[in-house]
Amino acid sequence: MGETRPVYAGLSHIEVVLFYGLAVVSTGIFCWGVARLVLKYRAGRREPLGRLVRRASSMVDVVFSHRWIRRRDPIAGLGHLLLFYGFTALFIGTTILGIQTDIARPIFHADFWSGRFYLGYKLALDIAGVLLLAGLTLMAFNRAVRRPRRLGYARPDRRAGEYDRSLYRVGDWVFLSTLFSLGVTGFLLEGFFLASTPQHFAAWSPVGWVLMKWFRAMGLTGSSAALAHHVTWWVHAVLALTFVASIPFTKAVHMIASPANVAVRDPAAGKRLSTIAADAAPEDVGYRNLDDLSWRHLLSLDACTKCGKCTEACPAAAAGLPLSPRDLILDLREAAETTLGAHAALGIRPDGWPEGLDVLGDPIRTASVWSCTQCMACVEICPVGIEHVPIINQFRRQLVERGEMDPMLQRTFETISSTGNSFGEPKRRRPKWTEGLQFAVKDARKEAAELLWFVGDYASFDPRNQRNSRALAEVLRRAGADFAMLYEAERTAGCDVRRAGEEGLYSSLAEANIEAISGCEFERIFSTDPHTFHTLKNEYPGFGGSWTVLHHSELLLELIEAGRLELRPLGYRVTYHDPCMLGRYNEVYDAPRRVLEAIGVELVEMPRNRDNSLCCGAGGGRIWMKEQRPEGSRRASEQRIDEATSLGRLDYFVVACPKDVTMYSDAIKTSGHDGEIELRELSELVLESIGAPTDSATALAGTKVAPD
Amino acid sequence: MSTADNFVGIVVHAGGNVKGLFGPRFLPGVVAYLARHGDGTSPEGTPEVKAVVCVKQVVAIGDEIAFTDDGKSVDGDYLDHAVNEWDVVAVEEALRMTEAASAAGEESEVVVVTVGGEENEEALRRCLAMGAQRAIRVEGQSGALLDPLTVARRLAPVVAREAADVVLCGVQSSDSVQAAVGTMLAELLELPRVAVVKEISLDRADGTATVMRELEGGLVDVVEVDLPALLTVQTGINEPRYATLRAIKQANLKEIEVVEPSQDAPGCYEILRIYAPPRGEGAEMLEGSPAEVAARIVELVKARLS
Ligand code: SF4
Ligand code: SF4
C-alpha cells in the first residue's frame, strides 16, 4: 500500500451516511433544475439543429481557448481563464475521487488512488486550487477595484429608480465568494489533515504543507487539528453540495448554459435573417410571446453572464437611446423564468421581475426595439454567442405586422413598395446620376459585361453620393473595367427593409431584383453600398440568387494590384471608418486600408476600429425613422467625429458607404468640428490619385468633369 | 379626435331622406337593407354593420412624362401606382367602425369596390390586406381615364346591391382631383350624403350617424344623418394602418369578384388631348458657382425693387 489517505477520515459511520444523503438531495435538486431548464427551452419554437460534430468542436475551441472571453478586457479574460482551468481541474479531480470511492473500490475492489498517482493527483489539485483562487481574486479585483462601467448595472434604457438590479449584484458576489470559500476550505482541509496526521509525502501538496507548518507553529496538532479538520470538512462539504444544487438557479447556470449556447448558436446570426412562412397568421409573425422565441433563443437568455460588453459596444446606448442589449436579454430571461422556468414552477417572483408570456411592450419596450441599428456590435462581442440582432428583429416584425412603427418608416415602406426606392423617385430617374459622365454606362439588360454594378438608392439618388458614384465610374473607366448597370430595373436591395422588420417587402424586392439580375450576362456583381453588398452576397442566395459579390473597395484593390491604375501618392493624413455591414458583417477590413496605402495616404486609426467600429446610427432602417434625441446626448455619429478629431490634425475622414457619407457629412457640421476635418469617400481619393479632377472640385465651378 | 373649445359647432339634421330610399331604380337594395334593419333584427349570417368603400388606384407622375400616341393619356411607363390616399383613409375608417362592432360581439363587414382594369386589383388587394373582407371590381378599360359620372354609374348598382349601412368614399382622388364621384354616387343611389367628413360616430340603434366637418376658420359643422348614408372622408380623420407586403401577398389568394358594367350612358366629358403646357417666358436659369448665383440674385432683386 503506497501513499494515500482515507477518504472520510475521522467521520463516523452516521456522518458518512448523512453525507451521502445530502449528496443525493443536492444532486436531486440539480437534476430537477436542469430538467426545468430543458422544459423551459422546449416551450420555444422548434428549430432543427444539424452538424453536431462541428458544433461540439467549435464549442470546445471557444470555451477552452477563451478566445471570446479575453476580448476587450484582458484582465477579466486572464482571471476567468485561471479560474476556469482551476475549477475544471478540481472538478475532474473530484470526479476521479468519486469514481475511486463509489465505483472502483466497492464494485471492482480496485484502488488506483494511491502511490505515484496519488502524489501527482495531490500536486495537480494543489496547483488547480491556486489557479482557481488567483483567478477569483483577479475577478474580484476587477469588480471591486477596477470597476469597468460595463460591470455596473446602470441601465441606459431605463430611468434611475425604474428598476432594481441589486439582486444581480448580490448574486455575483455570492458566486465569487462561494467558489473562493470552496477553494480556501479545500486547502485548510489539507493543512489540518497533515497537521493531525503527519505524512512523509506532505510536500506533494505544497499549499497544504505550508498551512500545516503554520498550524503546527500555532500549536494546532493532533486531536485539535483533527477536530478543525472535522468541522472544516463539513463546511466544505455543505458548501460544495449547496453549490451543486444551486447551479441551475443562480449565476452559476452559465457554466452549463453558456457552453451549450456556444454550441447551438447560429454562426450567421443577424447576418442571414430568417424568412417567414407564407401562411403565417399575423399574430405568429416575429416574436411577441416568450414561446414565440426559438428554443435556442430561450436557452441563450440563460447563457448571459451580464458582462455588459454588448451594452458597452452599443451605439444606441452610447447615444442615450433607450436600448441596452444586455438588459433586453436579462428582461427576457426574467420573464422566461417567472412564466416558464423554475421560478414559475415554485411560484417565486422576485420584486420587479416581469411575468406573463406577452413581453412585447412590457418589459420589451417598443422604443427599445426601434432604437437598434442592427449594427451587430453586440452579437460580435458577446463572449457566449447571444443573438441580440435577430431577437430584436423578430420583435420588429411583430410591430410592423401590427403597424406599430414610426409613421415615417411606414411611409418609407409604402414608398419603396410603390416606387422600388426609398427616395420616392420615379424609376426613370435612377440612372440620372450618370448624366454628369463623359461616357455612357452599359445597360446590363442589353449588353453583356464583366461586372454588374448594383448601385443602390443612396448612390443613385442622393446628390452628395451621386458625386462619388461618378468618381468611381470614372476610375473604373480609366482602369478599363467592363461594367454595366441595371438602369430602371434595379430596385432597392432591401437590406434595411429586412432589418427594419418588413420581411414581406424584403422578399418581394429580393425576388424582383433576382429576376432582373438573372436576365443579364455578367461575371461578378459589385456595389459601393455595404448594405446592398451584404444582402446580395449573403441573403439573396436564400431567395435563389447566388453570385460573386464584391464591395467596391475590394474591386478597387484588385484593379490596383493588377496595375491597371496609375496612382500618385496623395500624402494626406486620414482616418477610416469601418461600416458595420462591410466590417462586422463581412469582415472586409483590409481591402479599404490597402487601397488607402496604395494611394499614399497615412492612415491614423481611431481607437474603435475594425470589429469595434462605432455604428453611424443609420442602420437597421433608423435612417427612415424620426430621430429620437435625448436631452444632453450626443449622436453616435458626432461622437465618432469627436473620436476622429481627437487624433490630431487630419485631412480627411474616409468612408466607404453611402449612408456614412450622408451621416458624417452632417455630423461634421453638427458636432462643432466643421472646418477641422472633411469627408471623402474612398473612390473620390482614388480618383484624385489617378490625377483626374474630382467632381467636387469642378461641380462647384459649374463645369462638368473634364474628359481626359 | 376632439373638438377644441373654441370651435363653434353647428348642428343640423340632414336626411330623413326616406323618399329617396324608395326610388325605383335601387329598390332591391333598399328591400335588402330593410330586411336587415326594418324590424330591428337581422337575418341569420348577415353582418350587423356593413360598410362599402369605393376606392381608386391613382397614378403618380414624376418630373418626366410622355403621352400615349393618341395624345389622350399618359404613357404608362412614366407612372407609378398607388391607392388614393383619401380612399385608404376611408377604408381605415370603415375598418375601425366594423372593428368596434366586432369587439361588441356583432358581425360586421367591409366591402371595397373599384372601377377599372385588372391592374386596379392591386388597390383592392391592399385594402384586403388592411382587413377588408371582400373586394369587387367593376370592369373598366385598362389605362383609360374615365370621367366621374361614368365611374359613379358603374359603381351604383354594385353599391346598391350590397345594401350597406354606410358608403364611404374619399373626398377626392389625388390624380384627377375632381371630388365628384362620391357626390354623384349619392345622387344616383338617392342616399343622403355628407362631404369632407372629419369624424364619424354611428348610432345604429337610432339608425343615424353623427359626423363632423371642419369648416374654414376653425368652425365645426356637426351633422346628424339618417342611415344608410354616403360620406366622403377627408384625410387626417385617422392614421391608416400599414398593410404588410406579406398580408398583401396573402390577399392575392383571395378571390375578387368582377362585375360587368351595364350599358354605358355618355359620360360628363370626354378627354380630347393631354399635353404639357408651353413653358412660360421670363424664367432665367442661374448658373455658375454659388457666389456667382448669389450675386445674380442680388442684382435681380435690386432691379425689381427699384
Ligand atoms: S445591433 Fe447595435 S444598436 Fe442594436 S442592440 Fe446591438 S449594439 Fe445596439
Ligand atoms: S449578452 Fe453577452 S455580451 Fe451582453 S452581457 Fe450577456 S454575455 Fe455579456
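Lettering follows sequence order; numbering is per chain, from 1. Every value quoted in this text rests on a predicted model; they were computed, and no experiment measured them.
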Checklist line | Full working for salt bridge (Lys or Arg N to Asp or Glu O under 4.0 Å) between A:Glu502 and B:Arg246 | finding: CA-CA 8 Å; A:Glu502 206 339 358; B:Arg246 203 185 57 81; over 6 Å; no
Next item on the list: Starting from the C-alpha separation in whole Å, work towards a yes-or-no answer on side chain to side chain contact (heavy atoms under 4.5 Å, CB included) for B:Thr244 and A:Leu505.
Entry: CA-CA 7 Å; B:Thr244 60; A:Leu505 181 53; over 6 Å; no
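For A:Ala278, the part sitting under 4.5 Å from any heavy atom of chain B is the backbone (N, CA, C, O) and nothing else. For chain A, the nearby part of B:Gln250 is the side chain; its heavy atoms alone come within less than 4.5 Å.
When the shell of 6.0 Å around CG of B:Asp70 is examined, it contains more than 12 heavy atoms from other residues, nucleotides or ligands. Shown here is A:Glu515, whose CD atom has no more than 12 heavy atoms of other residues, nucleotides or ligands within 6.0 Å. A:Lys626 NZ: 12 or fewer foreign heavy atoms inside a 6.0 Å radius. More than 12 heavy atoms of other residues, nucleotides or ligands sit less than 6.0 Å from atom CZ of B:Arg137.
For the atom pair A:Ser418 OG and B:His81 NE2, the distance stands at 10.5 Å (nearest 0.5 Å).
With sequence neighbours left out, the salt bridge (Lys or Arg N to Asp or Glu O under 4.0 Å) criterion links A:Arg430 to A:Asp457, A:Glu490. Under the side-chain hydrogen bond (donor to acceptor under 3.5 Å, both in side chains) criterion, B:Glu92 pairs with B:Arg96, B:Arg241, not counting sequence neighbours.
When each of A:Glu414, A:Glu503, A:Lys427, A:Glu488 is checked for heavy-atom pairs under 4.5 Å with chain B, A:Glu414 comes out on top.
When each of A:Gln410, A:Glu404, A:Glu401 is checked for a side-chain contact (heavy atoms from CB on, under 4.5 Å) with B:Tyr242, only A:Gln410 meets the rule.
Contact detail for A:Ser508 and B:Leu245: the closest heavy-atom pair is OG-CD1, 3.6 Å.
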